[in-house]
Amino acid sequence: MSAAEPNAATIPARGARLGSTWGAGEVAAVSLIVISAFLARIYAIDSNGLELDDFWNAQLSTGRGTVHETVEINLIYHPPAATALSGAPPWWRIAATLENVTHPPLFSIVLRFWRSIAGEGDVPMRVLGALLSSAAIVPLYGVVRALSGRTAALWAAVLFAIATVPVMVAQQVRPYNLLILLELIALWIAVHLTPGKAGWWRLTAFAGVCLAATLTHYFAVPMLAGVWIFAALRLDREGNRRLAVAVGLAALTFLILWGPTLARQVSTMRQSANIWLKDRSPHPALATIGRFTEIPGRLIMTPAPSLPWASQLSILLILTAGVLARQRRDLVCYLLLFLGTAGFVALLDLLQTTRMQSLL
């Protein structure tokens, strides 16, 4: 390594110059973006009816499990209202009713508490997603500010606030909005893990948020793996030792709390992949690659079939980021996150001949 080459422990230098203090103008700008994002998310929030998965999550929040799949045939009886909290089992029974689904329990528990406070209707449930999605703008801004500067952070916050896909997802009753918020908080902590600033309190907070994200959705693991790799590249030996201990304890806690249920859910995951997500196209591998190359553009808008250049533009963005990562170390983080999310799902699609990327 030459004297002019940046040491791994100092990256990203650009973010290090910014410091950690936000000015009053920044706070005002981010607050305005958050408020605008929330207004965009609650606009016409009830214009479309709830879909099956939304109702399903409402059912799970009651602690009754998957009511619509456990009704006995050839038997006349009066079941309880599937999504009503009246007469529902206590919230701590929720985790024991998730064996025939493919999700961990945290979102169902959070939704249960929210519904008991805000109401049981469709709109209150959707407002939870709008609030979580809007709140995610704060750690998003903090992450990009630390890595790439204030201007890039403002653009990232504005794009997330008004882009079609985040607004659409925010109006759904699903775990993704809580997952995004927790993952961004974990990343926000990670970008400040530098030699001398990797104390046990900060690492405990990081491990705790990672545990919460994994208890929200299993796909948190590959994304957080990218975060761990990025943090490890910037830490010294002692920092990496502490990071390994913190992450290891979080993983052990997850296995103790949820490992047995996860093992029982595996068969349900395989069945769901075969029934709902199987790719029936003549060339599933090519279809998977095509969907993968469209993802960067689709995060902002849904490309029309009449715009074939959208896929080529996405490929160009990915390749450009890969080339510039040699000089722009902040891009290393973004590429790791992209590979840990879109790349991981694409790999699963290739291995299982599924089309999960179409749900991104």
Side chain of [X], backbone of [Y]: donor and acceptor closer than 3.5 Å?
| X | Y | answer |
| --- | --- | --- |
| R64 | A81 | yes |
| H283 | A285 | no |
| W114 | P124 | yes |
| S134 | L131 | no |
| Q171 | R126 | no |
| T204 | W200 | yes |
| K278 | Q352 | yes |

Taking atom [atom1] of [X] and atom [atom2] of [Y], what is their separation to the nearest 0.5 Å?
| X | Y | atom1 | atom2 | result |
| --- | --- | --- | --- | --- |
| D349 | M356 | CG | CE | 4.5 Å |
| T83 | L60 | OG1 | CG | 11.5 Å |
| I109 | S61 | CD1 | OG | 11.0 Å |
| L262 | M269 | CG | CE | 5.0 Å |
| E26 | S31 | CD | OG | 11.0 Å |
| L203 | L249 | CG | CG | 11.0 Å |

Test item: [X] and [Y] side chains (from C-beta on) under 4.5 Å apart, heavy atoms:
| X | Y | result |
| --- | --- | --- |
| P222 | T341 | no |
| P175 | N57 | yes |
| W188 | V138 | yes |
| W91 | S108 | no |
| L98 | H103 | no |
| R264 | P260 | yes |
| W22 | Y141 | yes |
| V110 | L178 | yes |

What closest approach, in Å, do [X] and [Y] show between heavy atoms, and which atom pair accounts for it?
| X | Y | answer |
| --- | --- | --- |
| G63 | P89 | O-CG, 3.6 Å |
| A161 | I137 | CB-CD1, 3.9 Å |
| L235 | A198 | CD2-CB, 3.9 Å |
| I180 | A136 | CG2-CB, 4.2 Å |
| L106 | A212 | CD2-O, 3.3 Å |
| E183 | A213 | CG-CB, 4.4 Å |

request  = Verify whether the ring centers belonging to F292 and F338 lie closer than 6.0 Å.
outcome  =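 Between F292 and F338, the centre distance is under 6.0 Å.
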Is there a path of hydrophobic side-chain contacts, each under 4.5 Å between heavy atoms of I/L/V/M/F/W/Y residues, joining [Y] to [X]?
| X | Y | value |
| --- | --- | --- |
| V158 | V143 | yes |
| V101 | L257 | no |
| V144 | V34 | yes |
| L215 | L255 | yes |
| V123 | L132 | yes |

request  = Give every residue pair that meets the salt bridge (charged side-chain N to carboxylate O under 4.0 Å, His left out) criterion with at least one member in residues 39-52, sequence neighbours excluded.
outcome  =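 Found E51-R174.
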query = When the ring planes of W228 and F206 are compared, do they come out parallel, tilted or perpendicular, using 30° and 60° as the limits?
reply =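 W228 vs F206 ring planes: perpendicular.
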task = Kindly indicate, with the supporting measurements, whether the criterion side-chain hydrogen bond (donor to acceptor under 3.5 Å, both in side chains) is fulfilled by S148 and Y334.
result = CA-CA 11 Å; S148 306; Y334 303 140; 2.7 Å; yes
query = More than 12 non-hydrogen atoms from neighbouring residues, nucleotides or ligands closer than 6.0 Å to CH2 on W155, yes or no?
reply =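 Counting other residues, nucleotides and ligands, CH2 of W155 stays at 12 neighbours or fewer.
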task = Return yes when atom CZ of R241 has more than 12 non-hydrogen atoms of other residues, nucleotides or ligands closer than 6.0 Å, and no otherwise.
result =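 Yes, enclosed.
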task = Determine, step by step, whether R291 and D279 satisfy the salt bridge (charged side-chain N to carboxylate O under 4.0 Å, His left out) criterion, reporting the C-alpha distance in whole Å, the side-chain angles of both residues, the deciding distance to 0.1 Å, and the verdict.
result = CA-CA 12 Å; R291 286 189 290 265; D279 193 338; 2.8 Å; yes
Side chain to side chain contact (heavy atoms under 4.5 Å, CB included) evaluation trace for L128 with V173 = CA-CA 8 Å; L128 173 62; V173 188; over 6 Å; no
Trace of the side chain to side chain contact (heavy atoms under 4.5 Å, CB included) decision for K197 with R202 = CA-CA 8 Å; K197 292 186 178 181; R202 186 170 293 188; 3.7 Å; yes
ask   = Going by atom types only, do T62 and R112 share a side-chain donor-acceptor pair under 3.5 Å?
value =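 T62 vs R112: no donor-acceptor pair found between side chains.
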task = State whether a side-chain donor-acceptor pair under 3.5 Å links Y218 with W258.
result =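 Yes - a donor-acceptor pair under 3.5 Å links their side chains.
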task = Tell me, with the steps shown, if F219 and L348 meet side chain to side chain contact (heavy atoms under 4.5 Å, CB included).
result = CA-CA 11 Å; F219 279 10; L348 285 182; 3.8 Å; yes
Test side chain to side chain contact (heavy atoms under 4.5 Å, CB included) applied to Y43 and L39, step by step = CA-CA 6 Å; Y43 175 75; L39 293 176; over 6 Å; no
message = Just to verify, which of V209, V227, L224, L182 counts as forming a side-chain contact (heavy atoms from CB on, under 4.5 Å) with L187?
response =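 Of the listed residues V209, V227, L224, L182, the side-chain contact (heavy atoms from CB on, under 4.5 Å) partner of L187 is V227.
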inquiry  = Does N100 form a side-chain hydrogen bond (donor to acceptor under 3.5 Å, both in side chains) with T268? I'd like the steps, not just the answer.
reply    = CA-CA 6 Å; N100 63 333; T268 303; over 6 Å; no
